[in-house]
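The sequence lines fix the lettering, A, B, ..., with proteins before strands; numbering per chain opens at 1.
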Protein chains: 2
Amino acid sequence: MGITKTQIFTEQQNDLAQFFKVLGHPARVAILQYISNQNTCICNDLVEEIGLAQATISQHLKELKSIGLLKGEVEGKSMCYCINVERWTTIQNQLNVFFNTTKSNCC
Amino acid sequence: MGITKTQIFTEQQNDLAQFFKVLGHPARVAILQYISNQNTCICNDLVEEIGLAQATISQHLKELKSIGLLKGEVEGKSMCYCINVERWTTIQNQLNVFFNTTKSNCC
DNA sequence: AATTAACATCGTAATATTGCAATATATAAT
DNA sequence: ATTATATATTGCAATATTACGATGTTAATT
């Protein structure tokens, strides 16, 4: 097969895994860090900064947008991609709830 | 292609992405939650509880072990898989540092 | 209106992941 | 010693992901 059996898990488990999965690529970690360090955030900078082709960066940005972590606004002929701080904080909280409620142990 | 260009990222970025990636599958989230809720944690229970084949569960356990999140001890003819609380806390802290240092914004 | 610049999307090749049956291994029970 | 039980490993098929060139699209510039 090769297809994840989403149906056998809870919505919470699938959502959590989805967040983790999107963050689970170094290019996407790097993109978030770079955007966070800039005051202007334009996609073309990312291509030079990260060192992947423009099409590839665009694809990674799309995935970060898919879970609401980034929002992009058209700014002339460029794009201004920003971190959605509200969403960012919400996800951080959800991950912390997961970590805090899942660390008990038997041995 | 199809191969992640690990060399162009920092070790920190690759490590972070690796943690996220391992947690980025609902079966692995479910396994961690189940183990955390049990006092005894035996692999065979997991097969029935999660609903994936024994070989598949074994594979997921291996990945969780690969980043040190689980430790397994032989207990008779069963295995006792436990969460490595120390490692768990370390990773949680690293993720929080990432979240806290990466949420500034421009718009 | 043609051109340029900045992305986005499509198509595709290479590689990775998911899942399982079959098989191997290791221990407990008989 | 043989058998049963629990888990790991191997091999493989199906699907997903990564990456990029080529091509669309949109908006500013000329």
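A straight line from CD1 of B:I50 to P of C:dT18 spans 14 Å, rounded to a whole angstrom. Here D:dT7 presents its P atom at 9 Å from CG of B:L46, a figure rounded to the nearest Å. For B:K62 and C:dT17, the NZ to P distance is 12 Å, given to the nearest whole Å. For the pair B:L64 CG and C:dT17 P, the interatomic distance rounds to 14 Å; values are reported in whole Å. B:L61 places its CG atom 15 Å from the P atom of D:dA6, with the value rounded to the nearest Å. Atom pair A:E48:CD and C:dC7:P shows a separation of 11 Å (rounding to whole Å applied). The separation between B:I3 atom CD1 and C:dA16 atom C1' is 9 Å, rounded to whole Å. Taking atom CD on B:E73 and atom C1' on D:dT7, their separation rounds to 16 Å, with Å as the unit.
Nucleic acid contact class of A:E75 (heavy atoms, under 4.0 Å, all strands): none. If you check every strand for non-hydrogen atoms under 4.0 Å, B:A53 touches sugar and phosphate atoms only. Among the protein residues, A:I57 comes within range of no part of the nucleic acid, since none of its heavy atoms lies under 4.0 Å from any strand.
Listed by first and then second residue, the salt bridge (Lys or Arg N to Asp or Glu O under 4.0 Å) pairs that reach into residues 74-92 of chain A come to none, sequence neighbours excluded. For residues 4-13 of chain B, there are no salt bridge (Lys or Arg N to Asp or Glu O under 4.0 Å) pairs, not counting sequence neighbours.
B:Q13 is linked by a side chain to side chain donor-acceptor pair (under 3.5 Å) to A:Q33, B:T10, counting only residues two or more places apart in sequence or in another chain. Considering only residues two or more places apart in sequence or on other chains, B:F19 meets the ring pair (Phe, Tyr, Trp, His ring centres under 6.0 Å) condition with none of them. Residues satisfying the ring pair (Phe, Tyr, Trp, His ring centres under 6.0 Å) test with A:F9, not counting sequence neighbours, are none. Under the rule for a side chain to side chain donor-acceptor pair (under 3.5 Å), the partners of B:N96 that lie at least two apart in sequence or sit in another chain are A:Q92, A:N96.
Between A:G76 and A:L52, the residue anchored nearer the 5' end of DNA chain D, judged by the nucleotide with its closest heavy atom, is A:L52. For A:A55 and A:V74, each mapped to the nucleotide of DNA chain D holding its nearest heavy atom, the one lying further toward the 5' end belongs to A:A55.
Considering only side-chain N and O atoms, B:T56 lies nowhere under 4.0 angstrom from the phosphate OP1 or OP2 of C:dT18. Contact check, A:T4 against C:dT18: no side-chain N or O comes under 4.0 Å of OP1 or OP2. Taking side-chain N and O atoms only, B:K5 has a distance below 4.0 Å to OP1 or OP2 of D:dC20. The side chain of B:S58 contributes an N or O atom lying less than 4.0 Å from OP1 or OP2 of D:dA8. A sub-4.0 Å separation between OP1 or OP2 of C:dG19 and a side-chain N or O of B:H60 is present. Contact annotation: B:Y81 side-chain N/O to D:dA8 OP1/OP2 distance is under 4.0 Å.
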- Might you work through the side chain to side chain contact (heavy atoms under 4.5 Å, CB included) test for A:N37 and B:T102, ending with a clear yes or no? CA-CA 8 Å; A:N37 287 334; B:T102 317; over 6 Å; no

Protein-nucleic acid N or O pairs under 3.5 Å, nucleotides 2-6 of chain C:
unit_1: C:dA5; atom_1: O4'; unit_2: A:K77; atom_2: NZ; d: 3.3
unit_1: C:dA6; atom_1: O4'; unit_2: A:K77; atom_2: O; d: 3.0
unit_1: C:dA6; atom_1: O3'; unit_2: A:K77; atom_2: O; d: 3.3

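Heavy-atom distances under 4.0 Å link DNA chain C to B:K21, B:H25, B:R28 of residues 18-33 of chain B, given in residue order.
Within the 4.5 Å cutoff, no side-chain heavy atoms of B:F20 are placed close to those of B:I91.
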Return all side-chain donor-acceptor pairs below 3.5 angstrom for residues 46-65 of chain A, not counting sequence neighbours, or 'none' if the list is empty.
unit_1: A:H60; atom_1: ND1; unit_2: A:R28; atom_2: NH1; d: 2.9
unit_1: A:E63; atom_1: OE2; unit_2: A:R28; atom_2: NH1; d: 3.2
unit_1: A:K65; atom_1: NZ; unit_2: A:Y81; atom_2: OH; d: 3.1

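Side chain A:Q54 to base C:dA8: a donor-acceptor pair is found below 3.5 Å.
A distance of 8.0 Å separates CH2 in A:W88 from OG in A:S36, rounded to the nearest 0.5 Å.
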